[in-house]
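Since the structure is predicted, the reported quantities are computational estimates derived from the model, not experimental observations.
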Amino acid sequence: MTVSIADQQFQADGQTLPSYQARLAYRAGQSASTAGIAPGFVQGNLAILPEKFAAAFHRFCQLNPKPCPIIGMSDVGNPMIAALGLDLDIRTDLPRYRVWRDGEVIEEPTDVMAHWRDDLVAFVIGCSFSFEEALLADDIAIRHIDCKVRVPMYRTNIPCAPAGPFAGPMVVSMRPLKPKDAIRAVQITSRFPSVHGAPVHIGLPQSIGIADIGKPDYGDPVPIANDELPVFWACGVTPQAVIAAAKVPFAITHAPGLMLVTDLKNKHLAVL
């Protein structure tokens, strides 16, 4: 078997799904942004918590569906989520993870086999990469894909509804667009509520607590032209902000911009 992410192409003998081929590459230790990977397939953010915190986190997601739309969930202690993909192992199949202790990142490994426990529950949360396919199909350019970097993400002053120990600000992802494209992007992404839906803010980043648009809290900065507006969508990195604020004793998340590639189809998420 040959597995490579050169030029974002994946090869695996006897396999046809590009999503599965991508997971095999990441399982083999390859690490890169998943933006533009396996076109047509749903990507997801990851949050893994001990069972004692799972109910409160599930409630947090229910109360905050824009940043935290759940598309999959594991049984306690089970690293496989068959509903999301062929042979999907949540411990190995992402490009990079973050391991948290008491609200601090202690490690960013390419697998979490050494950290897996029998009391863990994995939540997979919808990702804006899924609606990017629909934007591209309408000839709306995506700057971070063109620049081959991670999408810029920012902590805001928009509060999330609290649940148990989980509370804190919404994190947003940003894509610069010309005004006419921003209007069209609202129309297009409104059809995808399970992957964040329509933007939560357009323009004026200072009004949502972003002091410097050139310095994202996660991901990479991208250029914004004078005739473009920054357009902000709720982001599935929000759980990382609330996990840090809650100082949960132990948690695992994806590294921002490096998602779980599932076998679900983006086209099946559209509601209209």
Q) So, do V248 and W100 sit near enough that their side-chain heavy atoms are less than 4.5 Å apart? A) no
Q: Inspect the surroundings of CG in D227 and state if more than 12 heavy atoms from other residues, nucleotides or ligands are less than 6.0 Å away.
A: yes
(Q) Against R23, only a single residue in D263, T262, D89 fulfils side chain to side chain donor-acceptor pair (under 3.5 Å); can you say which? (A) D263
Q: Please confirm whether the backbone N or O of R150 pairs with a side-chain atom of D220, one donor and one acceptor, at under 3.5 Å?
A: yes
Q | Side-chain donor or acceptor of Y154 paired with backbone N/O of I213 under 3.5 Å | A | yes
Q: Write down the atom of A22, the atom of I37, and the distance for their closest heavy-atom approach.
A: CB-CG2, 3.9 Å
(Q) Using only atom types and a distance under 3.5 Å, with no angle test, would you say the side chain of Y97 pairs donor to acceptor with the backbone of R91? (A) yes
Q. Once you round to the nearest 0.5 Å, how far does CZ of F60 lie from CD1 of I70?
A. 10.5 Å
Q) Going by heavy atoms in the side chains, are V121 and M73 under 4.5 Å from each other? A) yes
Q | N-O pairing of K247 and D102 below 4.0 Å | A | no
Which pairs would a plain distance check flag for residues 165-172, meaning a side-chain donor or acceptor within less than 3.5 Å of a matching protein atom at least two apart in sequence or in another chain?
none

Q: Go through the steps to decide whether I142 and L135 satisfy the test side chain to side chain contact (heavy atoms under 4.5 Å, CB included), and finish with yes or no.
A: CA-CA 8 Å; I142 306 297; L135 296 177; 3.8 Å; yes
**Q.** Hydrophobic cluster identity match, F192 and I140, side-chain contacts under 4.5 Å
**A.** yes
Q. Does the side chain to side chain contact (heavy atoms under 4.5 Å, CB included) test come out yes or no for V105 and V99, once each step is laid out?
A. CA-CA 6 Å; V105 177; V99 180; over 6 Å; no
Q: Find the distance between CG (L258) and CD (Q30) and round it off to the nearest 0.5 Å.
A: 12.0 Å
Q: Please round to the nearest 0.5 Å and tell me the distance separating atom CD1 of I210 and atom CE of M153.
A: 12.0 Å
Q. Any link between I145 and V231 through a network of hydrophobic side chains (Ile, Leu, Val, Met, Phe, Trp, Tyr) touching at under 4.5 Å?
A. yes
**Q.** Residues R175, E132: salt bridge by 4.0 Å N-O rule
**A.** yes
Q) Side chains of T238 and C160: does their closest heavy-atom pair fall under 4.5 Å? A) yes
Q. Should E133 and K267 count as an ion pair when the cut-off is N to O under 4.0 Å?
A. no
Q) Can you tell me how far the CD1 atom of I208 sits from the CE atom of M174, to the nearest 0.5 Å? A) 10.0 Å
Q.
Same cluster or not: F129 versus Y218, using hydrophobic residues (I, L, V, M, F, W, Y) connected whenever any side-chain heavy atoms lie under 4.5 Å apart?
A. yes
Q | Separation of D138 CG from I188 CD1 (nearest 0.5 Å) | A | 4.0 Å
Q. Would you call L260 and L88 a side-chain contact if the rule is heavy atoms closer than 4.5 Å?
A. yes
Q. Any ion pair linking D93 and R27 (charged N to carboxylate O, less than 4.0 Å)?
A. yes
Q | Single-linkage hydrophobic cluster, 4.5 Å side-chain cutoff, I81 and L46 together | A | yes
Q: For H254 and Q43, test the side chains for any donor-to-acceptor distance below 3.5 angstrom and give the result as yes or no.
A: no
Q: Start with the C-alpha gap between S74 and I90, add the side-chain angles, then the distance that decides, and say whether side chain to side chain contact (heavy atoms under 4.5 Å, CB included) holds.
A: CA-CA 9 Å; S74 76; I90 209 70; over 6 Å; no
Q: Would you kindly say whether S207 and H201 are connected by a side-chain donor-acceptor distance under 3.5 Å?
A: yes
Q: May I ask you to decide whether R98 forms a salt bridge with E108, counting only side-chain N to carboxylate O separations under 4.0 Å?
A: yes
Q | Exercise: identify the closest heavy-atom pair between C61 and I125 | A | SG-CD1, 4.3 Å
(Q) Is there a continuous path of hydrophobic side-chain contacts, each under 4.5 Å between heavy atoms, that joins L63 to V242? (A) no
Q) Does any N or O in the side chain of T110 come within less than 3.5 Å of the main-chain N or O of P95, such that one atom is a donor and the other an acceptor? A) no
Q: For the pair K66 and W233, evaluate side chain to side chain contact (heavy atoms under 4.5 Å, CB included) and give the outcome as yes or no after the intermediate values.
A: CA-CA 9 Å; K66 287 286 282 186; W233 279 265; 6.0 Å; no
